[in-house]
Colleague: 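Mind looking over this structure? Questions follow.
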Protein chains: 2
Amino acid sequence: MRALPMVYLITIPELLMVTNVKEILKKNQLSITESRRKILQLFYNANDALSHADIEKLTGDDFDRVTIYRTLQTFVEKGIVHTIPTADNSVRYALCKDNCTEGHHHDNHVHFLCDECGKTYCLDHVTIPDIQLPKGFHQKQTDLVISGVCKNCD
Amino acid sequence: MRALPMVYLITIPELLMVTNVKEILKKNQLSITESRRKILQLFYNANDALSHADIEKLTGDDFDRVTIYRTLQTFVEKGIVHTIPTADNSVRYALCKDNCTEGHHHDNHVHFLCDECGKTYCLDHVTIPDIQLPKGFHQKQTDLVISGVCKNCD
DNA sequence: AAAAATTTTGCAACAAAGTTGCATTTTGGT
DNA sequence: ACCAAAATGCAACTTTGTTGCAAAATTTTT
């Protein structure tokens, strides 16, 4: 039996590190509280985006509604999660998988919304092609949201 | 003094036709009411997108809040206006300039949001490039929203 | 042109979503 | 374990959006 290529061994520790919720909070200079730990863990457990309502349901009455709002706001400010613009204008949050720095998101990947099951996918490996804007327009952030039917509902 | 080029004379009647609000309502089999006329006129006067709040301010206390909601809903259903997904999840509406048929929007142009002045532009002539989705994903609607600095704030 | 039928509007009441100030509790550092 | 700073929970409030129904306006019919 052949040895696995080294590339795999290099990528695994990175993944493990990422799912350590406490480390992420520390790295972002946030005090480690129950709400932040639990809510951030929810994002790592879920493979799709979460709305405020989702989090409220998933946490039961552990936390006040206001705390959830403030926690999400903090995460967005720190670049831990980002909001996804949707056609139905319901706010959804998803983990920033690229290295977003504080206050400056660059999650320029495609978001997919399933009309059937309502799931939101971050298609990390589908990149947005360059768009030529008219003269005088300067591009800062780009959001590409595609809706349709996902692989599970296909 | 030279005569003006004919091109100008050709484009003017088209504009006049488009701004005839009554005709548009008739064409869409909607009864002509004061609220529909005035609100639709607002969209033709404004060169950017409008939110519900914008319309409420612009119409003063001519109409009830509920009427504005219902009018906008009707316009969306008929394909007269479309909603623009934004990162801050505030609902904005803009005229459909392509020939959207009832219930089926195909406003596949790019939307631009200015961070400075807050204006929303429909970049009708910037088209969204084709995106290659992973297997099993089927694309129905695509929204591309770019934010940054517009030509006026440049 | 007036009456009947249909549609739309305004009102009231409600539900959901999000914000703010402040006292209490929890966290991080010593 | 103590203290200062930060985060939480509570209450009250604002904004946003929805629903049912009677009154008013619009369209259709005669």
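All chains are named by letter (A, B, ...) in the order of the sequence lines, taking the proteins before the strands, and each is independently numbered beginning at 1. Just so it is clear, the values below take in all heavy atoms, side chains as well, and ignore hydrogens, waters and symmetry mates.
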Colleague: Could you check how far CG of B:Leu25 sits from P of C:dT7, rounded to whole Å?
Modeller: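 It works out to 16 Å between those atoms.
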Colleague: Should B:Lys27 and B:Glu23 count as an ion pair when the cut-off is N to O under 4.0 Å?
Modeller: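 Looking at B:Glu23 together with B:Lys27, the answer is no, because their closest N to O distance does not fall below 4.0 Å.
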Colleague: Students often get this wrong, so: under 4.0 angstrom with heavy atoms, is B:Asp62 touching a base, only sugar-phosphate, or nothing?
Modeller: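 The answer is sugar-phosphate, as B:Asp62 gets under 4.0 Å only of primed atoms, P, OP1 or OP2.
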Colleague: Would a single hydrophobic cluster contain both A:Val81 and A:Val145, if residues Ile, Leu, Val, Met, Phe, Trp and Tyr are joined by side-chain heavy-atom contacts under 4.5 Å?
Modeller: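 No, it is not one cluster - the side chains of A:Val145 and A:Val81 are not joined through contacts under 4.5 Å.
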Colleague: If you look at every heavy atom in A:Cys153 and A:Glu116, which pair is closest and at what distance?
Modeller: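 Heavy atoms of A:Cys153 and A:Glu116 come nearest at SG-CB, 3.6 Å.
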Colleague: Mind checking if B:Arg36 touches a base, just sugar-phosphate, or nothing, with heavy atoms under 4.0 Å?
Modeller: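 Contact class for B:Arg36: sugar-phosphate only.
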Colleague: Between the side chain of A:Arg36 and the main-chain N/O of A:Ser31, is any donor-acceptor distance below 3.5 Å?
Modeller: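 It does hold such a pair.
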Colleague: Taking atom P of D:dG9 as reference, at what distance in whole Å does atom CD1 of A:Ile68 sit?
Modeller: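 The distance from CD1 of A:Ile68 to P of D:dG9 comes to 9 Å, rounded to the nearest Å.
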Colleague: Atom CG of B:Asn28 and atom P of C:dT7: how far apart are they, to the nearest Å?
Modeller: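 From B:Asn28 CG to C:dT7 P: 16 Å.
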Colleague: Look at the side chain of B:Thr33 and decide which nucleotide, out of C:dT8, D:dT18, C:dA17, has an atom nearest to it.
Modeller: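 It is C:dT8.
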Colleague: Quickly work out the B:Arg92 CZ to D:dG17 P distance and round it to whole Å.
Modeller: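 B:Arg92 atom CZ is separated from D:dG17 atom P by 13 Å.
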Colleague: How many Å lie between CD on B:Glu56 and P on D:dT14, as a whole number?
Modeller: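 So the CD-P distance, B:Glu56 to D:dT14, works out to 15 Å.
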Colleague: Starting from C1' on D:dT15, measure out to OH on A:Tyr69 and report it in whole angstrom.
Modeller: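 Result: 11 Å.
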Colleague: Specify the separation, in whole Å, of atom CD1 of A:Ile55 and atom C1' of C:dG18.
Modeller: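 After rounding, the gap between these two atoms is 14 Å.
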Colleague: Counting only N and O atoms by type, is there a donor-acceptor contact under 3.5 Å from the side chain of A:Asp54 to the main-chain atoms of A:Ser51?
Modeller: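 Yes, the answer is positive, given that a donor and an acceptor are paired below the 3.5 Å cut-off.
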Colleague: As a test of reading the structure: which of D:dT18, D:dT19, D:dT8 is closest to the side chain of A:Arg70, going by heavy atoms?
Modeller: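 Among the listed nucleotides, the one closest to the side chain of A:Arg70 is D:dT8.
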Colleague: From C:dT27, C:dG10, D:dT16, pick the nucleotide closest to the side chain of A:Ser31?
Modeller: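 Closest of the options to the side chain of A:Ser31: C:dT27.
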Colleague: How do B:Leu30 and B:Val91 order along DNA chain D: which one's closest nucleotide is nearer the 5' end?
Modeller: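 In this pair, the answer is B:Val91.
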Colleague: Go through B:Phe75 and B:Tyr93 one step at a time and tell me if the ring pair (Phe, Tyr, Trp, His ring centres under 6.0 Å) criterion holds.
Modeller: CA-CA 10 Å; B:Phe75 286 176; B:Tyr93 302 84; 9.4 Å; no
Colleague: If you assign B:Glu34 and B:Gln73 each to the DNA chain D nucleotide with the nearest heavy atom, which residue ends up on the more 5' nucleotide?
Modeller: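 Taking each residue's closest nucleotide, the earlier one in sequence belongs to B:Gln73.
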Colleague: Please round to 10 degrees the angle between the axis of the first five pairs and the axis of the last five pairs in the helix from C:dA1-D:dT30 to C:dT30-D:dA1.
Modeller: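 The end-segment axes of the helix from C:dA1-D:dT30 to C:dT30-D:dA1 are tilted 40° relative to each other.
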Colleague: Which listed nucleotide (C:dC11, D:dT18, D:dG9) is nearest to the side chain of B:Asp64?
Modeller: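 That would be C:dC11.
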Colleague: Would you classify B:Arg65 as touching base, sugar-phosphate or nothing, given that sugar-phosphate means primed atoms plus P, OP1 and OP2, and contacts are heavy atoms under 4.0 Å?
Modeller: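 Base: the residue B:Arg65, judged by heavy atoms under 4.0 Å, touches a nucleobase.
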Colleague: Tell me: CD of A:Gln29 to P of C:dG28, nearest whole Å?
Modeller: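 The distance from CD of A:Gln29 to P of C:dG28 comes to 13 Å, rounded to the nearest Å.
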Colleague: Between C:dT27, C:dG18, D:dG9, spot the one nearest the side chain of A:His52, thanks.
Modeller: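 For the A:His52 side chain, the nearest candidate turns out to be C:dG18.
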Colleague: Between A:Asp143 and A:His111, do the side chains contain a donor N or O and an acceptor N or O under 3.5 Å apart?
Modeller: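 Result is no, nothing qualifies.
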Colleague: Backbone N or O of B:Val21 within a donor-acceptor pair of the B:Arg37 side chain at under 3.5 Å?
Modeller: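 The answer is no, because no donor-acceptor pair under 3.5 Å joins these two groups.
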Colleague: Measure from the side-chain heavy atoms of A:Val66 and tell me the nearest of D:dG20, C:dG18, C:dT20.
Modeller: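 My answer, after comparing the listed nucleotides, is C:dT20.
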